[in-house]
Amino acid sequence: MARILVIGGGIAGTATAVALRKAGIEVAVYEAHPDSAEDIGAFLTLASNGMRALAQLDASAAVTAVGFPLVSMRVVDHAGAELAHVPLGEADDPQLQYRCLRRGELNAALQAEAARRGIGIVHGARLSSVEDGPDGVTAHFADGSTAAGDLLVGADGLSSTVRRAISPATQPRYTGQRVFYGYTRAASVSGPDACITMVRGRTVPFGCAVSPGGEAHWFARVPGVPLSAAELAQGSAAGRRDLLVPLLREDAPVAADVVASTTDDILVTNATEIPPGSPWRASRTLLIGDAAHAASPATGQGASMALEDAVVLAKSLRDAPDTETALSCYESLRRPRTEHNTTVSGNISRGTHTPSRPAGGAPPSRPGDDDLSRILEWDSDIVATRQAQER
Ligand SMILES: Cc1cc2nc3c(=O)[nH]c(=O)nc-3n(C[C@H](O)[C@H](O)[C@H](O)COP(=O)(O)OP(=O)(O)OC[C@H]3O[C@@H](n4cnc5c(N)ncnc54)[C@H](O)[C@@H]3O)c2cc1C
């Protein structure tokens, strides 16, 4: 594999570039955003599986330098009575513990790590079309420039331009919830350190984690019709607070005080997914991350799945005898696992599935959980592992 073009310098694209470089493959990243200054945006949690993928890229330290760890989760009912308090993931391993951080911080940390390793990230390069030919693939950018490679990886997120080239019929699908996010230092939130509290409101699920510096990071998932593009872009913090607080007072009063004390920006997004079964590849073009398998945020796995994608793709291209075998190995390992996540997460958002945890605290299993360590382990041959699974 001579040269790979990665479109999108978000979580999936940057991690994939780092992984490909580690595998000794030439790679360049093309990112539409004009500079590396990220909007900080909503927070997310990286789960232990995502942290395991990062560790295989020797990139844990870059990410544990930002955000804060989470080692347990409390579930309380709408009135604040504790239903469960369970450990989260690999809580005893500082490298693999869940981590809570802002999406922009994670992106910036990964981009800085890629730059430190000498990987070129071209900013201001917005892909407009893809020309996929028998001898190579060419990316055409909005400024008229082009780049040629042997494989083009579309890591350009939910509204992927690469996906439109591969599968014009695939459309992102709203899953029934608007998700609000905010930060406040003014709320008094009790609970153990390094713990995320989930409030099972009767209709509005709410979550809150407090950083060691005392800043509460909260989200609320509100059922209803999707917000318009104008409402998403222009709504004010006060307007969003005024919508949420009365809803939460009726439904989950323990959460209403946290939201009422939030004076900074309140972010909102429509929870959206890519329908399972959508095509991921055509000839010399492949989709990864949200471009391929965006899920509603309910399971909190999107970024972790993107990091797993990066390791599995680089290992497949490193270990397979040819590109077709590599991409087929990649898809067979990734599709069942990511689509299970999309389905479960979407059903939680649609209200057709209630998140549950057995009393012992182990999270529900996903396809591939049993083999995950072996699949991600950098030095193992992924094609041989896949063949052994098939026997
Ligand atoms: C509000 C919210 C909360 C979430 N919470 C969690 C959570 O708790 N845990 C979790 O694991 N995940 C969470 N996720 C999901 C997670 O953020 C995504 O799964 C993850 O960001 C996907 O990474 P990506 O690189 O595939 O896409 P993105 O992060 O969207 O990156 C795509 C990149 O491509 C660039 N791009 C787009 N179009 C072009 C183009 N034409 N040319 C060049 N570049 C282009 C964009 O500028 C961007 O940098 C959440 C998502 C949202 C929206």
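Basis for what follows: all heavy atoms, side chains included, without hydrogens, waters or symmetry-related copies. Order of appearance sets the numbers: ligands from 1, and atoms from 1 within every ligand.
Checked by distance only, ligand 1 and Leu44 stay at 3.5 Å or farther apart across all their nitrogen or oxygen atoms. In terms of N/O distances under 3.5 Å, ligand 1 is not approached by Asn107. Some N or O of Ala12 is nearer than 3.5 Å to an N or O of ligand 1, by distance alone. Backbone and side-chain nitrogen or oxygen atoms of Ile7 are examined, and none is located within less than 3.5 angstrom of a nitrogen or oxygen of ligand 1. The shortest N or O to N or O distance between Ala32 and ligand 1 is below 3.5 Å. Ligand 1 has no N or O atom lying under 3.5 Å from any N or O atom of Ala291, backbone or side chain. Ligand 1 has no nitrogen or oxygen under 3.5 angstrom from a nitrogen or oxygen of Ala42.
Across all non-hydrogen atoms, the minimal contact from Val29 to Gly13 is CG2-O, 4.4 Å. Of all non-hydrogen atoms in Ser365 and Asp369, the two that sit nearest each other are CA-OD2, 3.3 Å. The shortest non-hydrogen separation linking Ala252 to Gly201 is CB-CA, 4.0 Å.
No heavy atom of Phe219 sits closer than 4.0 Å to any atom of ligand 1.
Ligand 1 places these atoms under 4.0 Å from at least one heavy atom of Gly302: 10 (C), 11 (O), 12 (N), 15 (C), 19 (O). Remark: ligand 1 atoms within the under-4.0 Å shell around heavy atoms of Tyr30 are 43 (C), 44 (N). Of all the atoms in ligand 1, the ones that sit under 4.0 Å from a non-hydrogen atom of Ser304 are 11 (O). The distance from ligand 1 to the heavy atoms of Gly289 drops below 4.0 Å at these ligand atoms: 26 (O). The atoms of ligand 1 that sit less than 4.0 Å from any heavy atom of Ala155 are 32 (C), 33 (C), 34 (O). Less than 4.0 angstrom separates some heavy atom of Gly157 from each of these atoms of ligand 1: 27 (O), 30 (O), 32 (C). Of all atoms in ligand 1, numbered sequentially from 1 with element shown, those under 4.0 Å from a heavy atom of Arg126 are 41 (N), 42 (N). Remark: ligand 1 atoms within the under-4.0 Å shell around heavy atoms of Gly10 are 25 (O), 31 (O), 33 (C), 49 (O).
Around the CG atom of Asp381, the shell of radius 6.0 Å holds more than 12 heavy atoms that belong to other residues, nucleotides or ligands. Crowding of Asp370 atom CG: a count of heavy atoms from other residues, nucleotides or ligands under 6.0 Å not exceeding 12. Counted within 6.0 Å of CD on Glu250, heavy atoms from surrounding residues, nucleotides or ligands total 12 or fewer; the atom is thus considered open.
Cation-pi check for Arg281 over Tyr330 is not met; the charged atom does not lie both under 6.0 angstrom from the ring centroid and within 45 degrees of its normal.
No donor-acceptor pair under 3.5 Å is formed between the side chain of Arg221 and the backbone N or O of Ser349. Under the 3.5 Å distance criterion, the side-chain polar atoms of Ser345 are matched with a main-chain donor or acceptor of Ser296. A donor-acceptor contact shorter than 3.5 Å is absent between the side chain of Asn49 and the backbone of Glu308. Under the 3.5 Å distance criterion, the side-chain polar atoms of Arg99 are matched with a main-chain donor or acceptor of Val66.
Only the side chain of Thr161 comes within contact range of ligand 1, with a heavy atom under 4.0 Å; no backbone atom does. Residue-level proximity to ligand 1 for Ala47 is absent, since no heavy atom of it falls below 4.0 angstrom. The backbone of Ala125, and not its side chain, has at least one atom closer than 4.0 Å to an atom of ligand 1 (non-hydrogen atoms only; backbone = N, CA, C, O). Only backbone heavy atoms of Gln301 (N, CA, C or O) come within less than 4.0 Å of ligand 1; its side chain stays farther off.
If you chain together hydrophobic residues whose side chains sit under 4.5 Å apart, Leu158 and Ile7 never meet in one group. Hydrophobic clustering (side-chain heavy atoms under 4.5 Å, transitive across Ile, Leu, Val, Met, Phe, Trp, Tyr) groups Ile288 together with Leu317.
Relative ring orientation between Phe219 and Phe43 is described as tilted, the plane-to-plane angle lying within the 30° to 60° band.
For atom 8 (O) of ligand 1, the nearest non-hydrogen atom from the set Thr45, Leu46, Thr14 belongs to Thr45. By heavy-atom distance, the residue among Glu31, Arg164, His293, His123 lying nearest atom 35 (C) of ligand 1 is Glu31. Distances from atom 23 (O) of ligand 1 to the heavy atoms of Thr269, Ile11, Thr16 show the closest one on Ile11.
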